[in-house]
Number of protein chains: 2
Amino acid sequence: MPVTRGRRADARRNVTAILDAAVECLSRDPDASVADIAQAAGIGRVTLYGHFASRGELLDAVFSRAMRHADAALDDLDIEGDPRQAMTALIRSSWRIVSQSRALLTAAQRGLPHGRVRELHEEPLRRIERLIERGREQGTFRADVPVPWLVATFFSVLHTAADEITAGRLDEAAAPHAITGTLLAAFTPPGQPVPAPE
Amino acid sequence: MPVTRGRRADARRNVTAILDAAVECLSRDPDASVADIAQAAGIGRVTLYGHFASRGELLDAVFSRAMRHADAALDDLDIEGDPRQAMTALIRSSWRIVSQSRALLTAAQRGLPHGRVRELHEEPLRRIERLIERGREQGTFRADVPVPWLVATFFSVLHTAADEITAGRLDEAAAPHAITGTLLAAFTPPGQPVPAPE
DNA sequence: CGTTAGTCGAACAGCGGTGTTTGAGTTAGC
DNA sequence: GCTAACTCAAACACCGCTGTTCGACTAACG
């Protein structure tokens, strides 16, 4: 019952402590146990179960909170104007978020029911979709492949970059250039020249 | 002890039956248990352990066999000539393989030690690397991002397409066009026009 | 046709996780 | 300062999985 209001102050404090600890633990190990998380939060396992009925419920809460934060961070971003410039900005902001909480995604994909991850991604996803559609109408982005495919490509490239960095095959400093370069090229309509990134 | 020669005929038959069943089970459920696999192979669990000392060893055998098959399938493919055309051909062939055994990869990533999956990917991976390098030297592919990054992009896009199909968001028939279109664009040097796929 | 390699089911031990109960202790809030 | 809300450690039952052992059975191979 993680209702955050009407409860005692220490209870509320504990809920966020659990959530924070969960983020930390799951980022380190996507299979982290409830016991691990409780310990990292500095509370007893029983207390945790007092707030979240099951491991799944906790996972859901953790991930959906992270997505809310991500979406909020994207809120103060100007999506209007030249689609290509807007896209570059959107990529940069998204990259910051993804590169931070990539491990969390793995945990969510492993422990949440099929489709739930996507469901929680819905809002930030629609942002990208809208921008792509606008760019298509103006002829800036390619129209010979479906929009959902371009959206998927967007996410895919970001996550791949994160993976490559963790694997030590991609320099963290070189990532932004590689990502934007790749995505802007992937979005360019056949026949048009690939824009130089940055 | 999966030494395939010098053993009795039924033993050899069983080993391949196990491997086949494992592919089938793990494709359906990446967390399939040893019991599931044994049952699907039509043999006892004990017999399976007679051939593979542990779950991990079985998984390794399954996946490395799959990779050997994949690499062999790529062998009769002409990589010489125009890099762009060669790349298109390589993408098509790789796509056939990936789209078939994508679920297997998930199982391998989950159950094999870190890096082992990549290790087994090494040979087919080098194929792509060589082609990309050749294309760079000729100015056909972009040189402003690292080669390993382009290789990672290659795999990433293929796997994403497979995921999108399973999720029902991408039409199977539309996939090849989307994939080659995206990858050829992503590989194009800044300033050069994006080639029309196919 | 005999020997040996291989198979089989049942049963066991061990592990690590989840989720629950109990009863006593502590802290917030009025 | 009283009470209700909350915390906590320990212990429990339960689950499914892995990997092993046993002894009997059966099929391959020479």
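A note on names: the letters A, B, ... follow the listed sequences, proteins ahead of strands, and every chain is numbered from 1. None of these values were measured; they are calculated from a predicted model.
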Is the CD atom of B:E122 crowded by more than 12 outside heavy atoms at less than 6.0 Å? yes

Heavy atoms only, 4.0 Å cut-off, all strands: where does A:R8 land among base, sugar-phosphate and nothing? base

Just checking B:V34: base, sugar-phosphate only, or nothing, at a heavy-atom cut-off of under 4.0 Å? sugar-phosphate

Does a nitrogen or oxygen in the side chain of [X] sit under 4.0 Å from OP1 or OP2 of [N]?
X     : N      : result
B:R13 : D:dA28 : yes
A:N14 : D:dC6  : no
A:H51 : D:dC6  : no

Where the side chain of A:T160 meets the backbone of A:S156, is there a donor-acceptor pair that is under 3.5 Å apart? yes

Take B:A32 and B:A9, find for each the nucleotide of DNA chain D with the closest heavy atom, and name the residue whose nucleotide sits nearer the 5' end. B:A32

Taking for each residue the nucleotide of DNA chain D with the nearest heavy atom, is it B:S33 or A:G42 whose nucleotide lies nearer the 5' end? A:G42

Interatomic distance where [atom1] belongs to [X] and [atom2] belongs to [N] [whole Å]:
X     : N      : atom1 : atom2 : result
A:Q39 : C:dG17 : CD    : P     : 12 Å
A:E57 : C:dT18 : CD    : P     : 14 Å
B:R12 : C:dT7  : CZ    : P     : 12 Å
A:Y49 : D:dA9  : OH    : C1'   : 16 Å
B:L59 : D:dT18 : CG    : P     : 11 Å
B:I43 : C:dA5  : CD1   : P     : 19 Å
B:D31 : C:dG17 : CG    : C1'   : 14 Å
A:L48 : D:dT7  : CG    : C1'   : 12 Å

Check whether the side chain of A:R55 and the base of C:dG17 form a donor-acceptor pair under 3.5 Å. no

Is there a side chain to side chain contact (heavy atoms under 4.5 Å, CB included) between A:W149 and A:T153? Walk through the geometry before answering. CA-CA 6 Å; A:W149 166 251; A:T153 304; 3.5 Å; yes

As a test of reading the structure: which of C:dT7, D:dT18, C:dG19 is closest to the side chain of B:R45, going by heavy atoms? D:dT18

Should A:E123 and A:R127 count as an ion pair when the cut-off is N to O under 4.0 Å? no

For B:V46 and B:D10, take the nucleotide of DNA chain C holding the closest heavy atom to each; which residue's nucleotide lies nearer the 5' end? B:D10

Working note: B:M87 + B:F154, criterion side chain to side chain contact (heavy atoms under 4.5 Å, CB included); need CA distance, chi angles, decisive distance, verdict. CA-CA 10 Å; B:M87 180 59 77; B:F154 184 97; 3.8 Å; yes

